[in-house]
Protein chains: 2
Amino acid sequence: MARRRLDPATRREKILDAAVAYFAEVGFDGPTRDLAARAGVTQALLYRYFPSKQALVEAVFERVYLGRLDPRWLVEVRDRSLPIETRLSRFYGAYTRAIFTYEWMRIFMWAGLSGDALNRRYLEHVGDSLLAPLAEEIGAADGRRRPGPEDMWNLHGSIVYLGIRRFIYRLPTPDDVGPVIEGAIGRFLAGFRHGA
Amino acid sequence: MARRRLDPATRREKILDAAVAYFAEVGFDGPTRDLAARAGVTQALLYRYFPSKQALVEAVFERVYLGRLDPRWLVEVRDRSLPIETRLSRFYGAYTRAIFTYEWMRIFMWAGLSGDALNRRYLEHVGDSLLAPLAEEIGAADGRRRPGPEDMWNLHGSIVYLGIRRFIYRLPTPDDVGPVIEGAIGRFLAGFRHGA
DNA sequence: CCCCTTGGTGTTCATTTGATCAACAAGAAG
DNA sequence: CTTCTTGTTGATCAAATGAACACCAAGGGG
């Protein structure tokens, strides 16, 4: 086998990169031998950089989850000098740019099905720290009513489902998600104002 | 081991029932020994009723997918003597009663992630044979415009995501999904009429 | 009551898979 | 050029897993 020495830091990164792509594709039950082959490395070497497969999986989680959500998004959402439509569009534009990724979407779904606690914590965070402020801003813009949590999850789901169709089910979806998202937000706001 | 003889048909059904529940929970990589234990049967017996694990998995697919969608739903959707809101609510009421099940939702998602062809065919069917007629009826009721496919997927996703939150991510959701669905439909229609 | 069909079990096999370890060799240091 | 550190490999182990098979016994037919 071609034996090239890399310094531990970069080798670890290469393995992690391969692991993210590999687990995203086949799930966490994928054998470490196949993963090693993809990383261009022997299976034994994985265990020099990670004590166990579980540890490698957790490093993948960390790599994928950490630093995805930018706190500045919320600051901009609260900037009431802009119309609520614009703020929501910008927020979900940034949000989908962050998570509409083959790796993120699929690893999140594999982990969700497997019952990983990180998912629930992440989604509780979405509900409490993202959707709640959004609802508050929509309520403030409307002046009379404020969307409830289920209303907000409804909007959220209508947008996220586009990523699910694309990355989980691998179905054809529009290249540019911008207009679709703006349509969803526009309908949500208009529908919220006129009626339900 | 308690050895009770059942006629092949019922035994096969019992194994299939257990397999549906088991694979829904742990995914298709779950070992056949655990499945057999759940079915109250030896692992070897599985191979008397199914030639391979793959065959068992396919039998599970058949059991779960077949006969879920009722053609009568579409007939009722096209009954223009009723307001479009009512027709959509009834349709999605029936649809969610059919698929908002621990087993269906999770097996569908496991299969989707694994890239099973049945999923794509099912979703193409949803798009072509369910959402398209729905869009036509909404267009006819509106008189001027007709929602595009992405608009319809948007409505669909906003509703299905509720099931994803409940059964995939195991997050708390309202016991009665009726009002949530009606809210989503109401907002969609109102938003479609007034604006986007 | 006996027999005999066949549903069911216990055991075993070949692979696969996570993990370990002694040995090898790349490449910096002297 | 030699040496020594250590990144990397090939071989190997034990457990898990899909599958096969000889044998056992439940329970209907005579």
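So that the names make sense, note that chain A is the first sequence line, chain B the second, and so on, each numbered from 1. Values reported hereafter were calculated over all heavy atoms of this structure, with side chains retained and with hydrogens, waters and symmetry mates removed. The model shown is predicted, which means the values in this text are computed figures rather than measured ones.
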Visitor: Quick check: do Arg187(A) and Asp151(B) have side-chain heavy atoms less than 4.5 Å from each other?
Guide: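 Yes, close enough: below the 4.5 Å cut-off.
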
Visitor: Look at the side-chain N and O atoms of Tyr47(B) and state whether any lies under 4.0 Å from the OP1 or OP2 oxygen of dG8(C).
Guide: no

Visitor: Determine, using ring centers only, whether Phe23(A) and Phe61(A) are less than 6.0 Å apart.
Guide: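 They do not qualify: ring centres at least 6.0 Å apart.
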
Visitor: Answer yes or no: side-chain N or O of Arg33(A) and base N or O of dG18(C) forming a donor-acceptor pair under 3.5 Å.
Guide: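 A donor-acceptor contact between them is present.
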
Visitor: With a 4.0 Å limit, can you tell me whether Thr32(A) has a side-chain N or O closer than that to the phosphate oxygens OP1/OP2 of dG18(C)?
Guide: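 Thr32(A) to dG18(C) OP1/OP2: side-chain N or O found under 4.0 Å.
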
Visitor: Dump the pairs, protein N or O against N or O of nucleotides 26-30 of chain D, anything under 3.5 Å, distances to one decimal.
Guide:
residue	atom	partner	partner atom	Å
dA26(D)	N3	Arg5(B)	NE	3.4
dA26(D)	N3	Arg5(B)	NH1	2.9

Visitor: Taking for each residue the nucleotide of DNA chain C bearing the nearest heavy atom, is the 5' side occupied by Pro51(A) or by Pro8(B)?
Guide: Pro8(B)

Visitor: Decide, yes or no, whether a salt bridge links Glu76(B) with Arg90(B) under the criterion of side-chain N to carboxylate O below 4.0 Å.
Guide: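 Judged by the 4.0 Å cut-off on N to carboxylate O distance, Glu76(B) and Arg90(B) do not form a salt bridge.
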
Visitor: Taking CG from Asp34(B) and P from dA15(D), how many angstroms apart are they, rounded to a whole number?
Guide: 17 Å

Visitor: Let me know the distance between CZ of Phe50(B) and C1' of dG8(C), rounded to the nearest Å.
Guide: 16 Å

Visitor: Could you tell me whether the side chain of Asp142(B) and the main chain of Arg193(B) form a donor-acceptor pair under 3.5 Å?
Guide: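 Checking the backbone N and O of Arg193(B) against the side chain of Asp142(B), no donor-acceptor pair under 3.5 Å is found.
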
Visitor: Pro31(A) side chain: which of dG7(D), dG18(D), dG18(C) is closest?
Guide: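 Nearest to the side chain of Pro31(A) among the choices is dG18(C).
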
Visitor: Could you check which of dA19(C), dT8(D), dT9(C) has an atom nearest any side-chain atom of Arg11(A)?
Guide: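 Out of dA19(C), dT8(D), dT9(C), the nucleotide with an atom closest to Arg11(A)'s side chain is dT8(D).
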
Visitor: dG7(C) phosphate, OP1 or OP2: any side-chain N/O from Tyr49(B) under 4.0 angstrom?
Guide: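 So the side chain of Tyr49(B) is outside the cut-off, no N or O lying under 4.0 Å from OP1 or OP2 of dG7(C).
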
Visitor: Look at the side chain of Gln43(B) and decide which nucleotide, out of dG10(D), dA20(D), dG10(C), has an atom nearest to it.
Guide: dA20(D)

Visitor: Nearest to the side chain of Arg48(B), which nucleotide is it out of dG18(D), dG8(C), dG7(D)?
Guide: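 Closest nucleotide to the Arg48(B) side chain: dG8(C).
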
Visitor: In whole angstrom, give the distance that lies between atom CG of Asp29(B) and atom C1' of dG18(D).
Guide: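 For the pair Asp29(B) CG and dG18(D) C1', the rounded distance is 13 Å.
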
Visitor: Would you mind reading off the distance between Asp7(A) atom CG and dG7(D) atom P, rounded to a whole angstrom?
Guide: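 The distance from CG of Asp7(A) to P of dG7(D) comes to 9 Å, rounded to the nearest Å.
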
Visitor: Write down the distance between CG (Leu46(B)) and P (dG7(C)), rounded to a whole number of angstrom.
Guide: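 To the nearest whole Å, that distance equals 15 Å.
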
Visitor: Identify every side-chain donor-acceptor pair in residues 11-19 of chain B under 3.5 Å, counting partners at least two apart or on other chains, and give the distances.
Guide:
residue	atom	partner	partner atom	Å
Arg11(B)	NH2	Arg4(B)	O	3.0
Glu13(B)	OE1	Arg63(B)	NH2	2.4
Asp17(B)	OD1	Arg63(B)	NH1	2.5

Visitor: Of the options dT9(C), dT17(C), dT8(D), whose atoms approach the side-chain atoms of Leu6(A) most closely?
Guide: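 Minimum distance to the Leu6(A) side chain belongs to dT8(D).
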
Visitor: Parallel, tilted or perpendicular: which describes the rings of Tyr65(B) and Tyr122(B), with under 30° parallel and over 60° perpendicular?
Guide: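 Perpendicular.
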
Visitor: Is Arg33(B) reaching over with its side chain to a backbone N or O of Gln43(B), donor-acceptor style, under 3.5 angstrom?
Guide: no

Visitor: Can you tell which of dT17(D), dT9(D), dG18(C) lies closest to the side chain of Leu45(A)?
Guide: dT9(D)

Visitor: Just the rounded figure in Å: distance from C1' of dG18(C) to CZ of Phe28(A).
Guide: 17 Å

